[in-house]
Structure formats: structure tokens, C-alpha cells
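Everything numeric in this text was worked out from a predicted model, so none of it was measured.
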Amino acid sequence: CRCERVPPLISCQTRARRMRRLALLLSAMVDSSLALSLSDLPQLTVGSSRLFLCRHGETDSNAQSLLQGSGIDAPLNDVGRAQASALARSLASIKMDLIASSTLSRAVETADIVASHQADTGAAVHGRESYAGLVEMFYGTMEGLPIADTREELKRLSDAWAAGDTTVAVGGDGESPDELLLRARATLWRDGLLGCGDAGRQVAVVAHSTFNRAVLAEATGQPLGSMFSIPQDNACVNVLDLEVGTGRVSVVALNIKPLA
């Protein structure tokens, strides 16, 4: 159900400006402590598990600047496959207990390429799974439209979200940021990390840009409505550590781009 909101005491425009400034400030504070490459990662602490949260490689819809949510099941293009291979090489030396993805083709193919490189290095991956709860935000009637043709509606949505109303859904029958984050929490953090409460695990998940941004906004303490200030390039890696006993999540690395 949707909760009734308390009427704002300040204008939406003022609140949006304040939240954007807060997001930028928090980003600067967080970025100064992040690892700049996978080789710089700190050792996993006792009682924690580590999530390598990745974005899929490029699709033709990405290249054509189309809105590509969960309603568009586009495969990787040649650039995207090369990006996925670079991602796989960057993760090949890290022994993964599980490689997971959303059920969308672009994420499945990227994760399969990552898994194949793990096998090539002799690493024994214990599982390869796909989860419907990891799919991209659903953009409703705006799915597949050119971003250039939807700027007015996207601005309206962005302004509402930045003002704190993250219950507003995309494209009429699409998802809201609140709904997306609830789905992400229920999938990623249920009973530990992806359903396993054991500490010491390392898991790679291939998901999507807006999905990742919602997870990262919450983990860094940024307002959900400002999540689009968080960069997420194709085939990037974010690293998050989960304290299994407390459920506390901390961001260790953000938007690391693998070398070609």
C-alpha cells in the first residue's frame, strides 16, 4: 500500500535543490574512501560476504539511446560482448561462489561469459543462477522509446523523485523507485546474500543500471530520488560488503570499468 505523505513545509523546487546538493556532498564523501580498482579491494572481514554488482554489456538499444527497461529483452551487441569479456577477465582471478544474473538476455549473456572465464582459470564456481527479481526497472508505456522524445516526461519524473516523491511510477503502469528498491532488497539481501546466510561468500551479480543505482543509493545513504547521480557504465563493477549478522551493507568500490 502507499503511505499518506505529510504536506511539505517547503516548496518542491527548494527541496529538490537541497536533495541534489546533499547527494553531491554524500557522493564526494563516499568516493574518497572507495577502492579505485579491483586490485585495491580491502580484505573481506570476518562475518561478511562480498557482492560484485555488475551491469550488463552494451545492446543496440543502449547504442541507439532507447529506454530499455524490463519490457525490452535485447541481446548484447558485438561491443557488449567485448565489454562482457573484459569484465570476465577482470573478475577471473576472484573465486566466486555464485554467479547470478537477472532473467533478461543481456544480463544472462554477460553472466555466462563471466562464468566461462572462471572455468577457464580453474576456479570452481558453485552455482550459476538467474533471478526475475534482478531485472531492470519497468518503464511501462515508455519502454523502447527514444530518450530524446521523452525528455519532458523524464524531467517531470526526475523532479518528483528529487523532491522526495519516489512513489511516482514511470510510464503510467511502470515501476516507481520505491517498488524497484523493495524488489531489489527482497532478492539481494533475503536471508543473507541471495538466500544464503553463510559468511565468507563472494558472489557476482549481473544486473542493470537503474536497478544498481537504487541499491547503491540506499547503501551509500543517498536519497533514492537522487540515484541517477550515481554513474553506471556498461559492464562496470560495484563492490558491496554485507555483514551477515547485522544486515549492514557498505560500498567498497563504485563503477569500476574493466580494461579492454
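Side-chain contact of D233 with N255: a donor-acceptor pair under 3.5 Å is present, judged by distance alone. With no hydrogens or angles considered, a side-chain donor-acceptor pair links T45 and S48 at under 3.5 Å. T210 and Y139 share a side-chain donor-acceptor pair at under 3.5 Å. Counted by atom type alone, S101 and R128 present one or more donor-acceptor pairs between their side chains at under 3.5 Å. Side chains of N234 and Q83: a donor-acceptor N/O pair is absent below 3.5 angstrom, by distance only. S176 and D178 form no side-chain donor-acceptor contact under 3.5 Å, judged by distance and modelled atom types alone. Of the N and O atoms on the side chains of T59 and Q68, at least one donor lies less than 3.5 Å from an acceptor on the other residue. Under the 3.5 Å distance criterion, with hydrogens and angles disregarded, a donor-acceptor pair is assigned to the side chains of T246 and E243.
Between R183 and E175 a salt bridge is recorded (basic side-chain N to carboxylate O distance below 4.0 Å). Ion pair R156/E153 flagged as a salt bridge, since at least one NZ, NE, NH1 or NH2 atom sits closer than 4.0 Å to an Asp/Glu carboxylate oxygen.
Using a distance-only test at 3.5 Å, with no hydrogens or angles considered, a donor-acceptor pair links the side chain of W161 to the main chain of V168. Under a 3.5 Å cut-off, the side chain of D73 and the backbone N or O of L104 do not form any donor-acceptor pair. Q232 places no side-chain N or O within donor-acceptor distance of the main-chain N or O of R55, the cut-off being under 3.5 Å. In this structure, the side chain of S90 does not engage the main chain of P258 through any donor-acceptor pair within 3.5 Å. Of the possible polar contacts, one joining the E143 side chain to the G69 backbone as a donor-acceptor pair under 3.5 Å is found. For the pair Q202 (side chain) and K95 (backbone), a donor-acceptor distance under 3.5 Å is present. Under a 3.5 Å cut-off, the side chain of N212 and the backbone N or O of C54 do form a donor-acceptor pair. Put simply, the side chain of R106 never gets that close to the backbone of L76: no donor and acceptor are under 3.5 Å apart. Judged by distance alone, with hydrogens and angles left aside, the side-chain atoms of T187 form no donor-acceptor pair with the main-chain N or O of A184 at under 3.5 Å. With S158 contributing its side chain and K155 its backbone, the two residues share no donor-acceptor pair below 3.5 Å.
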Take L51 and L242 through the test side-chain contact (heavy atoms from CB on, under 4.5 Å) and record every step on the way to the result.
CA-CA 8 Å; L51 170 64; L242 168 69; over 6 Å; no
Checking side-chain contact (heavy atoms from CB on, under 4.5 Å) for the pair R201/C196: CA distance, chi angles, key distance, verdict?
CA-CA 9 Å; R201 301 175 74 231; C196 181; 3.3 Å; yes
Step by step, work out the side-chain contact (heavy atoms from CB on, under 4.5 Å) result for L188 and L134.
CA-CA 8 Å; L188 283 177; L134 298 174; 3.9 Å; yes
Step by step, would you call V239 with L34 a side-chain contact (heavy atoms from CB on, under 4.5 Å)?
CA-CA 9 Å; V239 184; L34 297 181; over 6 Å; no
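The local environment of CG in D173 is crowded, with over 12 non-hydrogen atoms from other residues, nucleotides or ligands closer than 6.0 Å.
In this structure the side chain of V249 reaches within 4.5 angstrom of the side chain of W189, judged on heavy atoms. When side chains are defined from C-beta on, F138 does not count as touching V170, because their heavy atoms never get closer than 4.5 Å. For the pair N238/L240, a side-chain contact is recorded, criterion being any heavy-atom separation below 4.5 Å from C-beta on. Under the 4.5 Å side-chain criterion, counting only non-hydrogen atoms from C-beta, L224 is not in contact with E218. Counting heavy atoms from C-beta on, the side chains of L53 and V237 never come closer than 4.5 Å. At least one side-chain heavy atom of L41 sits less than 4.5 Å from a side-chain heavy atom of R50. Side-chain atoms of E136 and S209, non-hydrogen and from C-beta on, do get closer than 4.5 Å to each other. Using a 4.5 Å heavy-atom cutoff, the side chains of H56 and H208 are in contact.
Between F52 and the choices V203, L91, I256, the side-chain contact (heavy atoms from CB on, under 4.5 Å) rule is met once, by L91.
Contact between S49 and L193 at its shortest, heavy atoms only, is CB-CD2, 4.0 Å. Between A35 and A253, the closest heavy-atom pair is O-CB, 3.8 Å.
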